[in-house]
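The next block holds one structure in the form of structure tokens; read it before the comments.
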Amino acid sequence: MLLFNPLSSPPTPLSLSQKTYYSTSLSSLKKHPSFFTLTNFPKQKNNPTRRERFIAQAKGDDSADGPDRLISAICYFYPFFDGIQYGKYVITQFTPIQVLMQPLFPAIKVFKSFPLNGFLVFLTLYFVVVRNPKFSRYVRFNTMQAIVLDVLLIFPDLLERTFNPRDGLGLDLVMSLDSTVFLFLLVCLIYGSSSCLFGQLPRLPIVAEAADRQVL
């Protein structure tokens with residue numbers, strides 16, 4: 001039986017060679033490089049081609065930001081205000097249309113207060129917006145559609161001035177023509193403005209191709 005003598009010198013502790021221990025571990029890890037080496041992931045660099053493609057898509061024909069949508073939607077009120085006189089028969093006969101037009105009456109009154117307002121708005125939209133490359137093509141195309149639609153109002157105006165019947169079949173034809181023109185303008189206003197507000201590109205019948213040729 002061994003007894004421990006406190007006066008005796010302490011026993012030499014068993015020491016492990018730290019160098020040998022780690023060297024053995026490292027040598028074993030070297031056999032498995034997957035545990036020892038770190039995988040170098042490639043750094044993500046900015047791809048200018050992809051970024052340019054994204055910018056080009058954002059500025060494309062079928063996309064627009066908030067201000068572009070708002071400007072384009074407002075432009076379709078121009079031909080509608082300029083041709084509001086063609087709705088004199090429809091507005092007086094149908095109450096729902098009167099209710100629909102009620103909020104627009106103040107703006108229509110201001111637009112019609114000066115005879116040259118329509119011509120001044122035409123010059124402003126064409127030279128300030130359509131011919132201005134600072135505006136996106138989305139805005140310029142929709143503005144040009146509104147202008148072409150307003151220019152087409154010359155034809156029913158010429159017909160009324162040439163044939164001005166007071167009664168009979170001629171008056172019925174004029175009423176039908178005016179009502180058709182007004183409803184066409186109303187549909188173009190609703191379709192064009194709503195499409196622009198949702199960021200879509202409206203293409204109005206008859207005028208879309210003419211607008212494409214004018215907008216480069």
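Just so you know, these numbers use all the heavy atoms, side chains as well, and skip hydrogens, waters and symmetry mates. All residue numbers refer to positions in the sequence shown, counting from 1.
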Asp65/Arg69 under salt bridge (charged side-chain N to carboxylate O under 4.0 Å, His left out): CA gap, chis, key distance, verdict: CA-CA 6 Å; Asp65 53 9; Arg69 297 180 186 184; over 6 Å; no

Lys112/Asp82 under side chain to side chain contact (heavy atoms under 4.5 Å, CB included): CA gap, chis, key distance, verdict: CA-CA 8 Å; Lys112 293 292 186 179; Asp82 201 19; 3.9 Å; yes

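When all heavy atoms are compared, the tightest approach of Leu186 to Met101 is CD1-CE, 3.9 Å. Across every non-hydrogen atom of Tyr76 and Ser193, the tightest pair is CB-OG, 3.7 Å. Of all the heavy atoms in Pro79 and Leu153, the pair that sits closest is O-CD1, 3.8 Å.
In Phe163, the CZ atom is not crowded: 12 or fewer heavy atoms of neighbouring residues, nucleotides or ligands sit closer than 6.0 Å. At most 12 non-hydrogen atoms from other residues, nucleotides or ligands lie less than 6.0 angstrom from CZ of Phe127.
Under the 4.5 Å side-chain criterion, counting only non-hydrogen atoms from C-beta, Glu160 is in contact with Tyr86. Between Val139 and Ser72 there is a side-chain heavy-atom pair separated by less than 4.5 Å. You'll find the side chain of Cys196 reaches within 4.5 Å of the side chain of Tyr138, heavy atoms only. The shortest side-chain heavy-atom distance between Thr143 and Phe135 does not fall under the 4.5 Å cut-off.
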Please tabulate, for side-chain N and O atoms in residues 178-185, each donor-acceptor pair with protein atoms closer than 3.5 Å (sequence neighbours left out).
| residue | atom | partner | partner atom | Å |
| --- | --- | --- | --- | --- |
| Asp178 | OD2 | Lys88 | NZ | 3.2 |
| Ser179 | OG | Met175 | O | 2.8 |
| Thr180 | OG1 | Ser176 | O | 2.7 |

Name the atoms and distances for all side-chain donor-acceptor pairs under 3.5 Å in residues 206-216, with sequence neighbours left out.
| residue | atom | partner | partner atom | Å |
| --- | --- | --- | --- | --- |
| Asp212 | OD1 | Arg137 | NH2 | 3.4 |
| Asp212 | OD2 | Arg203 | NH1 | 3.1 |
| Asp212 | OD2 | Arg203 | NH2 | 2.6 |
| Gln214 | OE1 | Arg131 | NH2 | 3.3 |

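Hydrophobic clustering of Ile, Leu, Val, Met, Phe, Trp and Tyr side chains at less than 4.5 Å, counting indirect connections, keeps Ile147 apart from Leu120. Under a hydrophobic clustering in which Ile, Leu, Val, Met, Phe, Trp and Tyr are joined whenever their side-chain heavy atoms come within less than 4.5 Å, directly or via other members, Ile71 and Leu201 fall into different clusters. Note on Phe119 and Phe80: same hydrophobic cluster, where clusters join Ile, Leu, Val, Met, Phe, Trp and Tyr whose side-chain heavy atoms are under 4.5 Å apart, directly or indirectly. Taking hydrophobic clusters as Ile, Leu, Val, Met, Phe, Trp and Tyr residues chained together by side-chain heavy-atom distances below 4.5 Å, Leu70 does not share a cluster with Tyr191. Residues Leu123 and Val148 fall within the same hydrophobic cluster, defined by Ile, Leu, Val, Met, Phe, Trp and Tyr side chains chained together at heavy-atom separations under 4.5 Å.
A distance-only check finds a donor-acceptor pair linking the side chain of Gln145 to the backbone of Pro202 [under 3.5 Å].
Of the residues listed (Ile154, Leu177, Leu173), the one engaging Leu159 in a side-chain contact (heavy atoms from CB on, under 4.5 Å) is Leu177, and it is the only one.
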